[in-house]
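One structure is given here, and the rest of the page talks about it.
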Amino acid sequence: MRYLVIFCLLLVANCKEKKNPLFEKLNTFNPGQEWLDDKGKHINAHGGGILLHGNTYFWYGEHKIEGEIGNTAQVGVHLYTSVDLYNWKDEGIVLHVDETNSNSDISKGCILERPKVIFNEKTKKFVMWFHLEPKNQQYSAALTGVAVSNSPRGPFRFIKSLRPNKGIWPLNVKNFHKKKIPKITEKSYCGGPQCMPFHVDSLNILGRDFEIGQMSRDMTLFKDDDGTAYQLYSSEENSTLHISQLSDDYLSHSGIYKRFFQYRFMEAPTIIKKNGKYFIIASGCTGWAPNAARSASADNIFGPWTELGNPCLGENANTTFNSQGTFILKVKNTEDNYIFMADRWKPSNPIEGKYIWLPLNISDDNSIELEWKEKWDLSIFN
Ligand code: DGJ
């Protein structure tokens, strides 16, 4: 008995130590400031997304390292958990880049961006999709990758990388896409409207990529109320957004997809559904430099989508408060309240990139607004 008591006392002492007495509990969001985890380190989960599973939020994001090399994936996808959204526990790396096999699609030094995770009720698996560029190819491959896990805490097992919808036309394909066109030889990573040398009528990147699959760069996932999931990604040299339904197990594309915001060069797509209406916030296309966000709404995920303009108000609205969106989070235990999550990138030293979280205001007339807040907390939703 005596030994049991001593053992329990030691256990409690040990747990207390791990609770990290050095750092105070947070009860506010401080956009753009350093955000310390339970170990006192700035959270390292960039381009991230959040899964609410049970009572716990799981924040998955790109683990960055010091220096410009940190713009490539040297480690993998980092997970943090929280029950209150202010205080985050470091749960470590849940998808590791492959350090031993340089031929692996996810070999160390690849580009692995914007990981998002959803839970499949039928298979009970946690499915992660991300933007993937194999090592030394800059952004030219424009692939998406998928990984799976039995637990939200990982480890995630990389399954495959691909260009979506190979040999399949979107539901809203136009006649000209199917016509034989002069081969577009442009190979280099473009990344913006300024790099498009083609006249819009000959801008048939969809047709160009029909046989090899459509380009897929910045992306997010969306799980609808009926369990159907969709991937939204910047396609066609970033010029056009694709919304692509996933298969029932979420591990592939179903082949049902549509293209939207043609030639609008939208990156960083984020999406939510409120009162049966879908809302997208995306960015323009200017590399790591911030630009003005755009928003849009629709009654059906497959459109028609109506653009609503820049949702940001006030100073620095034209740079999305010096950030670029990554996810819209639905807050638990409140009615239809959402947080817009964005990254303030620092490409010269990516590990120092900061997070901009702001309450998203969608009013009854469906106007969508984001206002800067130096400091705020969840009572704003009361
Ligand atoms: C902007 C994208 O949104 C980021 O995810 C990243 O791909 C950078 N471009 C790279 O320049």
Side-chain angles (χ1 to χ4, degrees), residues 44-49 59-65 67-78 95 97 106 109-116 128-145 161 163 188-196 214-221 231-242 261 264-271 280-295 310 312 318-328 340-356:
N44 196 341
H46 310 263
W59 178 357
Y60 304 88
E62 304 159 29
H63 179 100
K64 307 273 197 188
I65 67 161
E68 282 182 31
I69 195 174
N71 293 310
T72 60
Q74 299 293 317
V75 179
V77 176
H78 206 139
L95 175 68
V97 294
I106 59 163
C110 68
I111 292 171
L112 197 164
E113 293 179 341
R114 299 182 177 272
K116 305 286 177 289
M128 177 191 290
W129 285 86
F130 45 87
H131 169 199
L132 179 71
E133 303 287 350
K135 194 175 176 180
N136 297 331
Q137 296 184 32
Q138 285 80 41
Y139 282 86
S140 62
L143 304 179
T144 184
S161 71
R163 284 270 194 101
S188 60
Y189 167 57
C190 166
Q194 71 284 0
C195 321
M196 279 292 163
Q214 298 301 324
M215 299 178 96
S216 176
R217 290 199 184 112
D218 277 14
M219 58 136 279
T220 195
L221 296 178
Q231 189 186 28
L232 286 72
Y233 48 89
S234 308
S235 193
E236 303 178 37
E237 302 285 2
N238 293 341
S239 70
T240 302
L241 190 83
H242 287 193
F261 314 114
R264 288 283 289 132
F265 287 86
M266 290 199 180
E267 282 196 315
T270 64
I271 181 170
I280 281 179
I281 300 182
S283 73
C285 191
T286 51
W288 296 114
N291 54 55
R294 297 108 183 254
S295 60
N310 184 354
C312 302
N318 60 348
T319 59
T320 318
F321 314 114
N322 189 11
S323 71
Q324 186 184 33
T326 184
F327 196 71
I328 302 175
F340 179 69
M341 294 168 49
D343 293 280
R344 187 169 281 174
W345 302 115
K346 187 156 184 198
S348 59
N349 194 22
I351 192 171
E352 283 181 14
K354 304 290 191 305
Y355 309 101
I356 307 296

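Residue numbers run from 1 in the order of the sequence given. Order of listing sets the numbers, starting from 1, for every ligand and every atom in it.
For Ala142, the side-chain contact (heavy atoms from CB on, under 4.5 Å) partners at least two apart in sequence or on another chain are Glu133, Arg163, Met215, Arg217. Applying the salt bridge (Lys or Arg N to Asp or Glu O under 4.0 Å) criterion to Lys64, with sequence neighbours excluded, gives Glu62.
Each of the atoms 2 (C), 3 (O), 4 (C), 5 (O), 7 (O) of ligand 1 lies under 4.0 Å from some heavy atom of Asp218. Below 4.0 Å from some heavy atom of Glu113 lie the following atoms of ligand 1, by number and element: 4 (C), 5 (O), 6 (C), 7 (O).
Rounded to the nearest 0.5 Å, atoms CD1 (Ile351) and CG (Asn44) are 5.0 Å apart.
Between His131 and ligand 1, no pair of N/O atoms sits closer than 3.5 Å. Checked by distance only, ligand 1 and Gln324 come closer than 3.5 Å through their nitrogen or oxygen atoms.
Only the side chain of Arg114 comes within 4.0 Å of ligand 1, counting heavy atoms alone; its backbone N, CA, C and O stay farther away.
Here the shortest heavy-atom distance to atom 1 (C) of ligand 1, taken over Gly284, Pro269, Gly287, Ala268, belongs to Gly287.
No side-chain donor-acceptor contact under 3.5 Å links His242 and Gln231.
Ring pair Tyr139/His131 is tilted by interplanar angle, where 30° to 60° counts as tilted.
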